[in-house]
Engineer: 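Here's a structure for you.
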Amino acid sequence: MGAQHLWPVPQPKLDDATSRVTELLARYAYPGWEHFFTEDPEGVVVYVRRGRVLVANGDPLCAPEHLSEVLRRFAAFARAHRLSLCFVGASERCHAAARAIGFGALKIGEEPIFDLTSYAPRGDRAKKVRAARNHALRLGVTVREYRPIERRDPGLEQAMLDVLAAWCASRPAQPLAFSLRLEPFAWMEGKRYFVAEQHGRVVGFLVCTRLAARAGAYLEDVIRRPDAPYGSTELLILSALEALARDGVREASLGVAPLQGVEQQASRAQRVLGRVA
């Protein structure tokens, strides 16, 4: 069974890409997000306003060769409204284009990416991961894929939401509203779900989102109960990676690991900021 079947998201034609993006934004955009569109070249920047600052989440959505121009126009838009702007969680590609037109940059973390065409948890580096997974298996934890597009299971979804509530209650801080949203059942047609259970009780789940342009997947939400058996998270991640690889997905991302590698900055002042962070 191929990945295209499991992620049946229709592909827009080149001439209706803008209308498709607009439609998706209208249907799925979170309250508070605003959108800066350019038409020639075609692109969009998703951002929120925080005081006098426009905070964009991730890279502009556009063709790679148009990135600098879309950035330049968004910067001009901000200046025209006497506002500052910043991009949070931007990629290296966006960083290079932004620096070329005068932006500064501060490294805030690194993104672990798995090449699923060759990845296998072998060797000393993966020893702890394998040990954790095996520990969970010995305690009776199993992982299965839930496919709500084929058939909804309200009881299972409520159990997953209960896990989410328990996880949030155990966190010392709330997610950053401008960057992170915990709505696992929004835009289900673009997601895959993996559920960890122990003796019939849901102890965790993982939600991954399709990255069509990279033939990849983003492991967006990895959630477990505070009392889930040790190794449940590792079992969820490895099970999901194995399933994605079998279905032809080429790469998987765990998203930005905050503060990872922040000592690697372009200047002394930025290194000081990294140490403070």
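On a predicted model such as this, the values are computed, not experimentally measured, just so you know. Hydrogens, waters and symmetry mates play no part in the numbers below; they use all other heavy atoms, side chains included.
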Engineer: Answer yes or no: does atom CD of Glu65 have more than 12 heavy-atom neighbours from other residues, nucleotides or ligands under 6.0 Å?
Structural biologist: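 Atom CD in Glu65 is crowded, with more than 12 foreign heavy atoms closer than 6.0 Å.
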
Engineer: Can you classify the ring geometry of Phe74 versus Phe36 as parallel (below 30°), tilted (30 to 60°) or perpendicular (above 60°)?
Structural biologist: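 Tilted: the ring planes of Phe74 and Phe36 meet at 30° to 60°.
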
Engineer: Tell me whether Val195 shares a hydrophobic cluster with Ile149, the cluster being built from Ile, Leu, Val, Met, Phe, Trp, Tyr side chains joined at under 4.5 Å.
Structural biologist: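 In one cluster with Val195: Ile149, yes.
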
Engineer: Identify the two heavy atoms, one from Cys94 and one from Pro60, that lie closest to each other, and give their separation to 0.1 Å.
Structural biologist: SG-CD, 4.0 Å

Engineer: Would you check if the side chain of Arg224 reaches a backbone N or O of Tyr230 as a donor-acceptor pair within less than 3.5 Å?
Structural biologist: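 Absent.
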
Engineer: What is the distance from atom CD1 of Ile223 to atom CG of Leu164, rounded to the nearest 0.5 Å?
Structural biologist: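 Between atom CD1 of Ile223 and atom CG of Leu164 there are 5.5 Å.
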
Engineer: Hey, could you give me the CG/OG distance between Leu244 and Ser239, rounded to the nearest 0.5 Å?
Structural biologist: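 Nearest 0.5 Å value for the CG-OG distance: 10.5 Å.
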
Engineer: What do you reckon, is CZ of Arg72 surrounded by more than 12 foreign heavy atoms closer than 6.0 Å?
Structural biologist: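 Enclosed: over 12 neighbouring heavy atoms sit under 6.0 Å from CZ of Arg72.
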
Engineer: In terms of hydrophobic clustering (I, L, V, M, F, W, Y; side-chain heavy atoms under 4.5 Å; direct or indirect links), are Val55 and Val46 co-clustered?
Structural biologist: yes

Engineer: Got a second to check how far Arg147's CZ is from Arg152's CZ, nearest 0.5 Å?
Structural biologist: 16.0 Å

Engineer: If you group Ile, Leu, Val, Met, Phe, Trp and Tyr by side-chain heavy-atom gaps below 4.5 Å, do Leu236 and Val129 land in one group?
Structural biologist: yes

Engineer: Closer than 4.0 angstrom, basic N to acidic O: yes or no for Asp221 and Lys191?
Structural biologist: no

Engineer: I'd like to know if the side chain of Thr117 and the backbone of Arg250 have a donor-acceptor N/O pair within less than 3.5 Å.
Structural biologist: no

Engineer: What is the distance from atom CD of Glu220 to atom OG1 of Thr209, rounded to the nearest 0.5 Å?
Structural biologist: 3.5 Å

Engineer: Indicate yes or no: at least one non-hydrogen side-chain atom of Arg93 is less than 4.5 angstrom from one of Pro64.
Structural biologist: yes

Engineer: Which is it for Val48 and Glu34 under the side chain to side chain contact (heavy atoms under 4.5 Å, CB included) test, yes or no, and what are the steps along the way?
Structural biologist: CA-CA 6 Å; Val48 294; Glu34 298 183 58; over 6 Å; no

Engineer: For the NE2 atom of His95 and the CG atom of Asp59, what is their distance to the nearest 0.5 Å?
Structural biologist: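 It is 12.0 Å, given to the nearest 0.5 Å.
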
Engineer: Would you check if the side chain of Glu145 reaches a backbone N or O of Arg192 as a donor-acceptor pair within less than 3.5 Å?
Structural biologist: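 Flag not set: sc Glu145 to bb Arg192 has no pair under 3.5 Å.
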
Engineer: Just so I know, are the side chains of Phe205 and Pro184 near enough to count as touching, which here means a heavy-atom distance under 4.5 Å?
Structural biologist: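 SC-SC contact between Phe205 and Pro184 confirmed.
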
Engineer: Is there a side-chain contact between Tyr47 and Leu85 in this structure, where contact means two heavy atoms from C-beta onward sitting under 4.5 Å apart?
Structural biologist: no

Engineer: Kindly work out whether a path of hydrophobic side-chain contacts (I/L/V/M/F/W/Y, heavy atoms less than 4.5 Å apart) joins Val249 to Ile113.
Structural biologist: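 Unlinked, Val249 and Ile113 end up in two clusters.
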
Engineer: Say you draw a straight line from CD1 of Ile237 to CZ of Phe194; how long is it, rounded to the nearest 0.5 Å?
Structural biologist: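 The distance works out to 12.0 Å.
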
Engineer: Show, in sequence, the C-alpha distance, side-chain angles and deciding distance for Val45 and Phe77, and conclude whether the side chain to side chain contact (heavy atoms under 4.5 Å, CB included) test is met.
Structural biologist: CA-CA 11 Å; Val45 178; Phe77 168 78; over 6 Å; no

Engineer: Does Asp153 offer a backbone N or O that forms a donor-acceptor pair with the side chain of Tyr146 under 3.5 Å?
Structural biologist: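 Looks like yes, one N/O pair under 3.5 Å.
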
Engineer: Testing the basics here: between Val202 and Leu156, what is the closest heavy-atom pair and its distance to 0.1 Å?
Structural biologist: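 Reported closest heavy-atom pair: CG2-CD1, 3.8 Å.
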
Engineer: Count I, L, V, M, F, W, Y as connected when their side-chain heavy atoms are under 4.5 Å apart, and connections chain through other members. Are Leu238 and Leu139 then in the same cluster?
Structural biologist: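 No: no chain of side-chain contacts under 4.5 Å links Leu238 to Leu139.
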
Engineer: Applying side chain to side chain contact (heavy atoms under 4.5 Å, CB included) between Leu235 and each of Val143, Leu206, Asn134, Val203, report the one that passes.
Structural biologist: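 For Leu235, the side chain to side chain contact (heavy atoms under 4.5 Å, CB included) check succeeds only for Val143.
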
